[in-house]
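Side chains are part of it too, since the values below use all heavy atoms of this structure and drop only hydrogens, waters and symmetry mates. Naming convention: chains lettered A, B, ... in sequence-line order (proteins, then strands); numbering from 1 in each chain. What you see is a predicted model, and the numbers here were worked out from it, not measured in a lab.
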Protein chains: 2
Amino acid sequence: MHNLLINKLEQFTRLSAEDKQVLADVAQGRVRVRGAREDLIREGDKPTDVNLILEGWACRYKILPDGRRQIISFFVPGDLCDLHVFVLRAMDHSIGALTPITFAEISRETLRDIMSNHPRITEALWWDTLVTAAIQREWTVNLGQRSAFERLGHLLCELFIRLQAVGLTQGNACELPVTQTELADATGLTTVHVNRTLQELRGKGLIKLHGKHLTVPDLEALETASVFNLSYLHADHEGRALDARNGEAGSAGQWSRGA
Amino acid sequence: MHNLLINKLEQFTRLSAEDKQVLADVAQGRVRVRGAREDLIREGDKPTDVNLILEGWACRYKILPDGRRQIISFFVPGDLCDLHVFVLRAMDHSIGALTPITFAEISRETLRDIMSNHPRITEALWWDTLVTAAIQREWTVNLGQRSAFERLGHLLCELFIRLQAVGLTQGNACELPVTQTELADATGLTTVHVNRTLQELRGKGLIKLHGKHLTVPDLEALETASVFNLSYLHADHEGRALDARNGEAGSAGQWSRGA
DNA sequence: CGTCAAGTTGAAACAGGTCAAATACCGTGG
DNA sequence: CCACGGTATTTGACCTGTTTCAACTTGACG
């Protein structure tokens, strides 16, 4: 019953008990495990299923012929890989585990059934897909316009808020199970510079980062320093509105703030 | 009847005469015009229609509070803006005309009808949406990993090939109706550096660029120099396969090459 | 307690940015 | 057909954020 995807989708819409059951079942279908650094799927492969991340982190990435690697996006628990990939013949990028990971494979047929019989879920999955696209656009802005300092800060804001949405934060802290090399590959910087920039963020008291444990003492301060604007995560939605109307706080953390 | 969107979608699938008629009608619905630099829709607006670009170029962009601007993607004729935006409450970015432009507004209802009655079109629109997402990912790689030289070269390859797909190239030439400032905002470089880099591309004979007229004497050479890999455009598809089988060349240019 | 990956540091080099001015281009009105 | 004004392109000199390279330290884990 308890399922991070449900948490996330309820940011957007209110799901019925039946809807939730359907999603819970889906997460119990073909469950797979991978070790850190193993791929879930590789560039060139024919996509067959949609992957739902249950535990651990993964990422999309692409490697250029000369070895340069760009991490294109991060997947955290509750994230769905690519809702409609089947339409394409071959993957144009790989998806790799960053930590040991468990995920559920959802077949094309299962998904088709859900989408024809459960309009509420369908709409919520749509929303999730559009938010994913918005995140990708924001990464374009991040890489194109922000300085190293802002860029890293922005990434940390985004990840913290996404984790909050599925209930994986504890107060102002969360796990950040990635290496500095991976942060470098995601931000288009070198490891060395990521290291120095993290020190700068720490020096200004914007983050605390020991090992894989991240604390953001003042999220608003970090957002300001990183030129971060929440709106691209599209959290201000019906789910929230319903919560407010019912005076019924969502079980998971909230994306939006204030009015 | 003649419609650039049809050209593009036929890269992916074979459309029936009726399908084509439906698409042609759509392009004749609510046609609008905008001057260069005018916005089609602005960040914060509620999205109501899907825009189909008929003539001229546009772009998605985002402006940071301090004025930095990132162009997130280019739209060329035949491009569809955002197939499912209605799900979102507000735009998280703006879409602006780069040249004088004409576009058709497609209503939510029209689109719903098409998608429930024309599975072939639906699937083709899916494909288009997924290719758009793949392009956005490739931009992430471009901004994160490629040097200024490769980055500009890569962008020019992509645009040339996309124009080819809708039949807007003449041999190895096409129009490139954007300013160096706009190329700079798209690549995350400064105008000055774009200017110098374009001179470098010209100097190596990889492009000719007078005014708004671009020639790519040897596309493969430009691709190699730019670490460009066609596969993210997902052109190797059913439409092509059918063409090959029938020995019936597509009316528009082709994305894929060789076998 | 050894080993291997991850994180940290310093010095030097460079890609790309900044600033500011010059030149070319283009549509408009006289 | 030319002069004008505004925008786009080009150039030069200088500056800086980020990279490179290479070594050193710390930490996790069997």
To the nearest Å, how far apart are [X] [atom1] and [N] [atom2]?
X        : N      : atom1 : atom2 : result
A:Asn195 : D:dT18 : CG    : C1'   : 14 Å
B:Arg68  : C:dG16 : CZ    : P     : 18 Å
B:Arg146 : C:dG16 : CZ    : P     : 14 Å
B:Leu183 : D:dT7  : CG    : P     : 19 Å
A:Phe149 : D:dT19 : CZ    : P     : 16 Å
A:His210 : D:dT26 : NE2   : P     : 15 Å
A:Leu198 : D:dT26 : CG    : C1'   : 16 Å
A:Glu200 : C:dT9  : CD    : P     : 13 Å

Worksheet item: Can you tell which of D:dT7, D:dT11, C:dG16 lies closest to the side chain of B:Ala148?
Response: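 When the side chain of B:Ala148 is considered, C:dG16 is the closest of D:dT7, D:dT11, C:dG16.
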
Worksheet item: Which listed nucleotide (D:dT18, C:dT8, D:dT11) is nearest to the side chain of A:Ser147?
Response: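 Looking only at side-chain atoms, A:Ser147 lies closest to D:dT18.
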
Practice prompt. Could you walk me through whether A:Ser73 and A:Arg60 pass side-chain hydrogen bond (donor to acceptor under 3.5 Å, both in side chains), step by step?
Written response: CA-CA 5 Å; A:Ser73 57; A:Arg60 275 187 226 279; 3.0 Å; yes

Determine, for [X] against [Y], whether the closest basic-nitrogen to carboxylate-oxygen distance falls under 4.0 angstrom.
X       : Y        : value
A:Arg68 : A:Asp185 : no
B:Arg42 : B:Asp39  : yes
A:Glu38 : A:Arg32  : no
A:Lys62 : A:Glu43  : no

Residue-phosphate contact under 4.0 Å: [X] side-chain N/O, [N] OP1/OP2:
X        : N      : value
B:Arg151 : C:dA15 : no
B:Gln199 : D:dT11 : yes
B:Lys212 : D:dT9  : yes

Every protein N/O within reach of nucleotides 17-23 of chain C N/O, cut-off under 3.5 Å:
{"from": "C:dG17", "atom 1": "OP2", "to": "B:Thr190", "atom 2": "N", "distance (Å)": "3.3"}
{"from": "C:dG17", "atom 1": "OP2", "to": "B:Thr190", "atom 2": "OG1", "distance (Å)": "3.1"}

Worksheet item: Rounded to the nearest 0.5 Å, how far does CH2 of B:Trp139 lie from CD of B:Glu158?
Response: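 With rounding to 0.5 Å, CD (B:Glu158) is 6.5 Å from CH2 (B:Trp139).
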
Worksheet entry | Interatomic spacing from OG in B:Ser226 to CG in B:Leu206 - rounded to 0.5 Å |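 Interatomic distance, B:Ser226 OG to B:Leu206 CG, rounded to 0.5 Å: 7.0 Å.
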
Discussion item. On DNA chain D, compare the nucleotides closest to B:Gly211 and A:Gly211; which residue's is nearer the 5' end?
Written reply: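 Looking at the nearest nucleotide for each, B:Gly211 comes out on the 5' side.
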
